Amino acid sequence: MTDSNTNEHQPTPDGAAEAPAEHQDFLREMVQGDLAAGRISGVVTRFPPEPNGYLHIGHAKAICLNFGIARQFEGQCNLRMDDTNPTKEDVEYVDSITADVKWLIAGWADHCLGMKPVGRLPEKSDLGGREDYYQPPVMAAEGATGSASAPEAGDAPGGSEAPASPEPLEPFYASDYFEPLYEYAVELVRRGKAYVCDHTPAEVDEMRGAPHRPGQESAFRDRTVGESLDLLERMRAGEFPDAARTLRAKIDMSAPNVWLRDPVLYRIRHATHHHTGDDWCIYPMYDFAHGLSDYIEGITHSLCTLEFEVHRPLYEWILEALDLPRAHPRQREFARLNMTYTVMSKRKLLRLVQEEHVSGWDDPRMPTVSGMRRRGYPAAAIRDFCGRIGVAKSDNMVQVQMLEHCVREDLNPRAPRAMAVLRPLRVVIENYPEGHVEEMEAVNNPEDASMGTRLVPFSRVIYIEQDDFREVPPPKYFRLSPGKEVRLRYAYVIKCTDVVKDPETGEVVEVRATYDPATRSGMNPEGRKVKATVHWVSADHAIDAEVRLYGALFTAEDPEDVPEDGDFIDSLDPDSLETLTDCKLEPSLGAAVPGAAVQFERLGYFCADPEDSRPGAPVFNRTVTLKDAWARIEKKQGQG
RNA sequence: UGGGGCGUAGCCAAGCGGUAAGGCAACGGGUUUUGGUCCCGUGAUGCGUAGGUUCGAAUCCUGCCGCCCCAGCCA
C-alpha cells in the first residue's frame, strides 16, 4: 500500500482536492470535503457486521461503499465484528463473514482491508498527559510497508501506519475493546456523566416516557460518584444477577429524542462470549461500544444505515463527554438496500434456514453472499451492481433484474459456451449413416476469438430441447415442427419429417428428421435462410447430469409487506427450485471446474455446484438465464 | 398531537439558481448459425403539492400532503 502522505487527494495549495474518478455520492463528497479542508489526513472506514448471521446483498452494498471509499481515497477499511451481545453471536458467523468479505473485495480492494494480528489488543499510550487507546491496522494485502507509531493528539491516524506483518491476521473485534470500554465507562462516572441504575427493566421501560411525553428520572440518577463506581465494579465482579442493574448515561430524560433519555450503556449478562469466553459478565450496549470502537481504531468516517440517524446525537455525546484527545470519527447514514422478490432481514433469513425452506445459508436462492457465490454470481458483478444502484438516503426497492443484468454483463464476454440439453427430446436423422460420427468445430466464445474452438461429436441420433419442437407451432414460432427446418448449431439444417408418439399419452417421444449434407456448418448455400438455430447433443456421446434451475424465492415483489394476519413464508414460491435429473451435456462439459462459469447456449449461465458436483455425476446450477425474446412473445400471446 | 429522515419516469439515481445526466426495465428497428451479444431509436413542457422570492426555481423561503425510522438491558 502506498503511504497516504503522498495521497493525491491531499489538499492542494489552494485548498481544493482533486476531483474523484468514481461516481460521486453525498458520502464521497463529504469525505472529499474533509480531506480538502484538512480535517483529516487520510481516510479510514470500517465494515462492522454483528456475527449473528450471514452476509447478504445489503451488506454487499455497505462493503462496496466502505471499501470503495477507502480505495478511491487510498485509505483503508477495517473489518470489525460488532460483537457486544454474547447471546446472539457465534464463531460460525465470524468465519463466514470474513470469508465473504475477502471474496467480495478480492482483486479490487484487498489492499485496503485492515485487519490485525491474531490476539492483539489495543495499545495504551499517553497522549498529552491523558490515557489513550489505539488499535492500529495491518493491511491484509501483501507488500504492506511502513511502521507503527502512536498517533499525535488532534490528528486522525489516517492510513499511514500499515506495518507489514508475517503474523496471521484476524478481523478486529469490538469485544477486544471491553477493557478500554470499561475504563471509559468508569471515566464517564467520574465525570458525573453516567450512573448505576437499580430499576428493573420494566421500570426503566415505563419511566422512559413516550415519544410525545417526557420520561421520568431514575431514582438512582443522583447517587454519588463513589457509589456508582463501587456498584459498577461489583457488576463487573459478578455480584449481581442478570438485569439487576445497568450503567446509564446521564443526559436528559425529557429530550425529544428518546435515545438521549439516559440510555443504558452496560447491562449484566452472565453468558459465555464467543470471543472473550467467560472474562466478562457485563457487556456494553451498541451505542456505547460502536463510537468508541471507531475511535480506538482511528476511523474517520463511520457509515451506517438510516435507522441509526436518530442515534447520532448519542454517538457524538459519548465521544464529547469523554473529551477524547484524537480526532473523532464522524457518523453518517445512507439508505439500506431492498430488492424485489427477496427478503433482507437477518431474522427472516435465519427463519428460512432454520425451518428448512432452503438448504442452508448458502442455498443458491438466498440473497446471501455465500448463496450468490454458490449460484455462480461473480464478485465483480455484485460490485458492479452496488456501484450502479448508487448511495442515497431515500427508501428504495431495487429490481432484481438490475443484479441479473450485471451478472450477464460480467459473464458474457468471458464464459465459455457449451451445448446442453436440459429436457431431452430424441431426434433420429433418418438419412444420416448409422454408426457414423463427425467432429464439428464449435467456437468457445463468439465474443472472444482468443478462447478458441473445440470439437463436438455429431451422429445419427441426437437430443434437442423439448421446447425447441412443437407439433402445432404457435404464431412466430421459428423452431422445429412437422415439415419445418431448423439449423443445428455448428452442424446441419434438418427437416422434421415425422413424429413418434407414446401410444398411451399421445406425447411426442421422438422426432424423425432428414438432414441436408450441403448445409454443414461453414458452408452456407445461397438462399438457404433458416429462421432458427437450436442446440443439440449427440445421444451416444452425451454426459448425463443433474441441473438445478433457480428462480425467485418469493412470488411477491415485496415479501416483507405482508397483510396483518399473514406471514412472509406464505409468499414463498414452491417452484423456486426445479431439479432436472435427465440432462444431456456435450462431452467437453465433463471437465467442468466447480464454480467456473459456462454458458449453455441459448439457455443461460451455469456452473458446476461446488458442493454436490462429482466427477462422473455432475450437478450444475443455473446462475441466470439468457434474456429470452421468445418467452416474452409467448407471454404476450398468452395474455392477448 | 414528540423527534429524526425522505419525496425527480415502472425501478434505481444525477442535479448544489441558468432552463431535467446515466443505468435497469419496457417498446420499435438493424446485424446475427445463441429469439443471446452488439448497434440505432422511443420516455418527465416536468421534479409530492400550493403559494412566495427571482430576469430565471427540481434547486431558495413558507404552508400542506404522503412515506420511512425511533419508546430493546438487540445491532
Side-chain angles (χ1 to χ4, degrees), chain A residues 23-25 29 48-50 52 82-85 87-89 197 199-201 204-206 208-215 242-248 255-261 263-269 282-283 285-287 289-290 304-313 333 335 337 340 346 385 387-406 408-409 412-413 417 419 442-443 446-447 476-479 486-491 493 519 521-522 524 530-535 599-604 625-633:
Chain A
H23 20 187
Q24 202 63 337
D25 56 60
E29 265 176 28
E50 182 189 16
N52 67 344
D82 207 356
D83 55 352
T84 57
N85 185 353
T87 63
K88 289 190 175 175
E89 299 150 6
C197 174
H199 283 301
T200 65
V204 170
D205 224 52
E206 176 61 34
R208 185 162 22 237
H212 54 282
R213 191 182 71 236
D242 286 2
R245 289 177 224 267
T246 56
L247 178 72
R248 293 228 257 160
N257 181 340
V258 296
W259 291 103
L260 259 19
R261 322 244 262 225
V264 171
L265 265 23
Y266 264 94
R267 78 283 215 179
I268 300 173
R269 204 87 126 194
I282 57 172
Y283 292 93
M285 297 290 292
Y286 164 83
D287 290 291
H290 201 90
C304 59
T305 43
L306 247 30
E307 64 269 28
F308 292 101
E309 199 152 18
V310 288
H311 293 239
R312 191 156 94 203
E333 312 79 16
L337 170 68
T340 56
K346 277 201 227 174
F385 169 75
R388 289 188 197 223
I389 58 176
V391 178
K393 296 187 73 168
S394 53
D395 291 334
N396 58 79
M397 175 68 76
V398 176
Q399 299 174 325
V400 255
Q401 289 91 320
M402 180 89 89
L403 215 206
E404 292 178 343
H405 169 83
C406 293
R408 292 190 188 103
E409 190 172 86
N412 178 48
R417 315 281 126 127
M419 292 195 286
V443 318
E447 304 292 316
K476 293 193 182 163
Y477 186 81
F478 301 153
R479 281 109 94 152
V486 286
R487 169 170 285 285
L488 295 176
R489 180 88 156 145
Y490 299 125
V493 170
T519 59
S521 189
N524 206 353
V530 177
K531 280 229 180 127
T533 298
V534 305
H535 58 278
Q599 184 194 103
F600 289 176
E601 292 217 33
R602 303 208 305 131
L603 298 175
T625 62
L626 253 27
K627 285 214 287 193
D628 189 347
W630 167 242
R632 262 179 271 147
I633 294 168

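As the structure is a prediction and not an experimental result, all values here were calculated from the model. Keep in mind that the numbers below use all heavy atoms, side chains included, and drop hydrogens, waters and symmetry copies. A note on names: the letters A, B, ... follow the listed sequences, proteins ahead of strands, and every chain is numbered from 1.
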* Taking only N and O in the side chain of A:Lys627, is any of them less than 4.0 Å away from OP1 or OP2 of B:rU37? -> yes
* OP1, OP2 of B:rC24 versus side-chain N and O of A:His405: anything below 4.0 Å? -> yes
* With a non-hydrogen cut-off below 4.0 angstrom, is A:Thr84 in contact with a base, only sugar-phosphate, or nothing? -> sugar-phosphate
* Asked: Checking salt bridge (charged side-chain N to carboxylate O under 4.0 Å, His left out) for the pair A:Glu50/A:Lys88: CA distance, chi angles, key distance, verdict?
  -> CA-CA 9 Å; A:Glu50 182 189 16; A:Lys88 289 190 175 175; over 6 Å; no
* To do: Determine the contact category for A:Met397: base if any of its heavy atoms lies under 4.0 Å from a base atom, sugar-phosphate if only primed atoms, P, OP1 or OP2 are that close, otherwise nothing.
  => sugar-phosphate
* **Whole-Å distance separating the CZ atom of A:Phe478 from the P atom of B:rG36** => 10 Å
* Rounded to the nearest angstrom, tell me the gap between atom NE2 in A:His311 and atom C1' in B:rG3. => 12 Å
* To do: Please measure how far the C1' atom in B:rU54 lies from the corresponding atom in B:rU59, and state the result in whole Å.
  => 13 Å
* Mind checking A:Tyr490 for me? I need base, sugar-phosphate or nothing, with any heavy atom below 4.0 Å counting as a touch. => base
* Structure fact -> For A:Val486 and A:Phe478 the tightest heavy-atom approach is CG1-O, 4.0 Å
* Asked: Which is true for A:Val391 with a 4.0 Å heavy-atom rule: it touches a base, it touches only sugar-phosphate, or it touches nothing?
  -> sugar-phosphate
* To do: Could you state the atom-to-atom distance from CZ of A:Arg267 to C1' of B:rA75 in whole Å?
  => 9 Å
* Scan A:Pro313 against the nucleic acid and name what it touches under 4.0 Å (heavy atoms): base, sugar-phosphate only, or nothing. => nothing
* Asked: So does A:Ser521 reach the base of B:rU33 with its side chain, donor to acceptor, closer than 3.5 Å?
  -> yes
* Rounded off to whole Å, could you give me the CG-to-P distance for the A:Asp25 and B:rA14 pair? => 8 Å
* **Closest to side chain of A:Arg417, choosing from B:rG35, B:rU34, B:rG5** => B:rU34
* Structure fact -> Here the distance between atom P of B:rG35 and atom CZ of A:Arg408, to the nearest Å, is 15 Å
* With sugar-phosphate meaning primed atoms plus P, OP1 and OP2, does A:Tyr283 contact a base, only sugar-phosphate, or nothing at under 4.0 Å between heavy atoms? -> nothing
* Structure fact -> Out of B:rG72, B:rU34, B:rC12, minimum distance to the side chain of A:Thr533 belongs to B:rU34
* To do: Establish, with yes or no, whether the OP1 or OP2 oxygen of B:rA13 is under 4.0 angstrom from a side-chain nitrogen or oxygen of A:Ser394.
  => yes
* Determine the contact category for A:Phe385: base if any of its heavy atoms lies under 4.0 Å from a base atom, sugar-phosphate if only primed atoms, P, OP1 or OP2 are that close, otherwise nothing. => nothing
* Asked: Any N or O donor-acceptor pair linking the side chain of A:Gln399 to the base of B:rG10 at under 3.5 Å?
  -> yes
* To do: Go through the N and O atoms of the side chain of A:Arg487 and the base of B:rU33, and report whether any donor-acceptor pair is under 3.5 Å.
  => yes
* **B:rA21 versus B:rA14 - spacing of their P atoms, nearest Å** => 15 Å
* Over how many whole Å does the gap from A:Trp259 atom CH2 to B:rC74 atom C1' extend? -> 9 Å
* To do: Compare the ring of A:Tyr286 with the six-membered ring in the base of B:rA75 and state whether they stack (centres under 5.5 Å, planes under 30°).
  => no
* When all nucleic acid strands are considered with a 4.0 Å heavy-atom cut-off, which category describes A:Glu29: base, sugar-phosphate, or nothing? -> base
* **B:rG63 glycosidic torsion: syn (within 90° of 0) vs anti** => anti
* To do: Select base, sugar-phosphate, or nothing to describe what A:Val310 touches, counting heavy atoms under 4.0 Å on all strands.
  => base
* To do: Indicate whether OP1 or OP2 belonging to B:rC27 is found under 4.0 Å from a side-chain N or O atom of A:Arg632.
  => yes
* Which value, in whole Å, describes the distance between the C1' atoms of nucleotides B:rG63 and B:rC68? -> 22 Å
* Asked: With sugar-phosphate meaning primed atoms plus P, OP1 and OP2, does A:Thr200 contact a base, only sugar-phosphate, or nothing at under 4.0 Å between heavy atoms?
  -> base
* To do: Mind checking A:Arg208 for me? I need base, sugar-phosphate or nothing, with any heavy atom below 4.0 Å counting as a touch.
  => sugar-phosphate
* Asked: CD of A:Glu409 versus C1' of B:rG36: gap in Å, rounded?
  -> 14 Å
* Which value, in whole Å, describes the distance between the P atoms of nucleotides B:rC47 and B:rG10? -> 14 Å
* To do: Have a look at A:Gly522 and say if it touches a base, only the backbone sugar-phosphate, or nothing, with a 4.0 Å heavy-atom cut-off.
  => base
* Atom-to-atom span, CG of A:Leu626 to C1' of B:rU33 - whole angstrom -> 15 Å
* **Sugar-phosphate, base or nothing in reach of A:Arg479, heavy atoms under 4.0 Å** => base
* Asked: A:Asp242 near the nucleic acid: base, sugar-phosphate alone, or nothing, with a heavy-atom cut-off under 4.0 Å?
  -> nothing
* Asked: For RNA chain B, which ranges pair as stems of 3 or more consecutive Watson-Crick or G-U pairs, with both donor-acceptor distances under 3.5 Å?
  -> B:2-7 with B:65-70, B:10-12 with B:22-24, B:26-30 with B:38-42, B:48-52 with B:60-64
* Under 3.5 Å donor-acceptor pair, A:Gln24 side-chain atoms to B:rG15 base atoms -> no
* Atom C1', compared across B:rC16 and B:rA75: separation rounded to whole Å -> 34 Å
